[in-house]
Amino acid sequence: MTRTALITGITGQDGSYLAELLLDEGYHVFGMTRRSSTGANERIAHLRDRIELVQGDLLDQASLVEALRTSRPREVYNLAAQSFVPTSWNQPVLTGEFTALGVTRLLEAIRQVDPGIRFYQASSSEMFGKVTESPQHEGTPFHPRSPYGVAKAYGHFLTVNYRESYGIFAVSGISFNHESPRRGLEFVTRKVTDGAARISLGLATQLQLGNLEARRDWGFAGDYVRAMWLMLQRDEPRDYVIASGEAHTVRELCEVAFGHLGLDQRDHVVQDPSLIRPAEVDLLLGDSTRAREELGWEPKVGFEQLIRMMVDADLARMRGSRDGDRPDASAYAEPWARAGAIG
Ligand code: G4F
């Protein structure tokens, strides 16, 4: 029998990779989109005739019930959120509505329509925030440093609570930063790879960044969606950290990106104090031993390979390349990033 999945946030980076994976696994894939996000479908344009879109909004309970009734999924992946950390200081209430209460609305809709649905919540390493130990694992205490991190912690605990209260197969995947050529331009990896490509083509001379000493555990989004899927195939629901296990500074990221183009980042990167966050997360480094042992998951793309892939994709996009062997490079213009899209 064909399995059916519903993905919220399908127009985002992770949603598009997950949709590809589920289609490859033979799923009937539904994607939930908000009315306002229907204009930003670049990442799923190549899948449009293989997936079904249903309208729904994490702010609107009735629309979630309707989306579930229409799609009748066996699995629901909640990848939608207000996911850009700096925006969460400017729009803390809206961030809470989407990223925290949206989880309650969706789980309540599941309870109402079909409590047998398996539910994946996209939790975040931002919940660890001001870390108390390194590397961080499933038992590491949370100390979120932004309204976004606080909202994600709520979503995480609510997922655990619905599992414990109602016996729903609900799991939380605590993903560390994951990137790709489909990453929005506001996130630091893509900002750097796009900036380096621009500079190498003579389209710009400088790149303004904030904290160059922040350290992150960066992996490839295509690897991380596989872990999400594997979590819902287990006999028992359990939460997992998804991480590469390597941390690098933003400065190192710049060195790899600019170095790949034969440039020295010191000639181009400029620190802009206005980009420093009110409260920074200095270091995130994940321990994904549980996922590796119980899910048999491991990342395939390493840090330098990932950054070089992103630089090459940005370069190809700017050159107007339509290389068939670089599917990510040609398809993406920039509007969703500039618009600060949800999801
Ligand atoms: O790329 P970032 O904006 O990602 P951040 O804040 O770590 O959050 C991302 O990862 C989380 C998982 O841990 C997700 F939950 C979340 O949704 C998102 O995907 O910033 C990374 C680091 C920060 O320390 C930031 O201060 O890079 C530093 N940084 C330095 N200059 C910058 C910049 N970040 C951005 N976005 N832009 C800069 O110019």
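As the structure lists them, so they are numbered: ligands from 1, and atoms in each ligand from 1. Hydrogens, waters and symmetry mates are skipped; everything else that's a heavy atom, side chains included, is used.
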Among protein heavy atoms, which sits nearest to [atom], and what does the distance come to when rounded to 0.1 Å?
| atom | result |
| --- | --- |
| atom 5 (P) of ligand 1 | Asn177 ND2, 3.7 Å |
| atom 23 (C) of ligand 1 | Arg216 NH2, 3.4 Å |
| atom 13 (O) of ligand 1 | Ser125 OG, 2.4 Å |
| atom 30 (C) of ligand 1 | Asn211 O, 3.3 Å |

Taking only heavy atoms of [X] into account, list the atoms of ligand 1 that are under 4.0 Å away from them.
| X | answer |
| --- | --- |
| Val85 | 6 (O), 8 (O) |
| Phe84 | 3 (O), 36 (N) |
| Gly210 | 30 (C), 31 (N), 33 (C), 39 (O) |
| Leu284 | 13 (O) |
| Leu275 | 39 (O) |
| Ser124 | 11 (C), 12 (C), 13 (O), 14 (C), 15 (F) |
| Ala214 | 24 (O) |
| Val250 | 27 (O), 28 (C) |

Please work out which of [options] has its closest non-hydrogen atom nearest to [atom].
| atom | options | result |
| --- | --- | --- |
| atom 27 (O) of ligand 1 | Leu185, Val188, Thr99 | Val188 |
| atom 38 (C) of ligand 1 | Glu213, Gln271, Lys191 | Lys191 |
| atom 2 (P) of ligand 1 | Glu280, Arg251, Arg277 | Arg277 |

message: Hydrophobic cluster membership, with links at side-chain heavy-atom distances under 4.5 Å among I/L/V/M/F/W/Y: are Phe258 and Phe187 in one?
response: no
Should [X] and [Y] count as an ion pair when the cut-off is N to O under 4.0 Å?
| X | Y | result |
| --- | --- | --- |
| Arg145 | Glu126 | no |
| Arg74 | Asp114 | no |
| Glu108 | Arg111 | yes |
| Glu42 | Arg317 | no |
| Asp60 | Arg35 | no |
| Arg308 | Asp312 | no |
| Arg216 | Glu252 | no |
| Lys191 | Glu179 | no |

Honestly, for Glu186 the part within reach of ligand 1 (heavy atoms, under 4.0 Å) is backbone
Under 4.0 Å between heavy atoms, the region of Leu209 that gets near ligand 1 turns out to be both
Would [X] count as a polar contact of ligand 1, with the cut-off being nitrogen or oxygen pairs under 3.5 Å?
| X | answer |
| --- | --- |
| Leu212 | no |
| Arg183 | yes |
| Thr189 | no |

Notebook entry, point to check: Is any side-chain heavy atom of Met231 closer than 4.5 Å to a side-chain heavy atom of Gln121?
Noted result: no
Residues Tyr120 and Ser175: closest non-hydrogen pair is OH-OG, 4.0 Å
Q. Counting only heavy atoms not in Gln233, do more than 12 fall under 6.0 Å of its CD?
A. yes
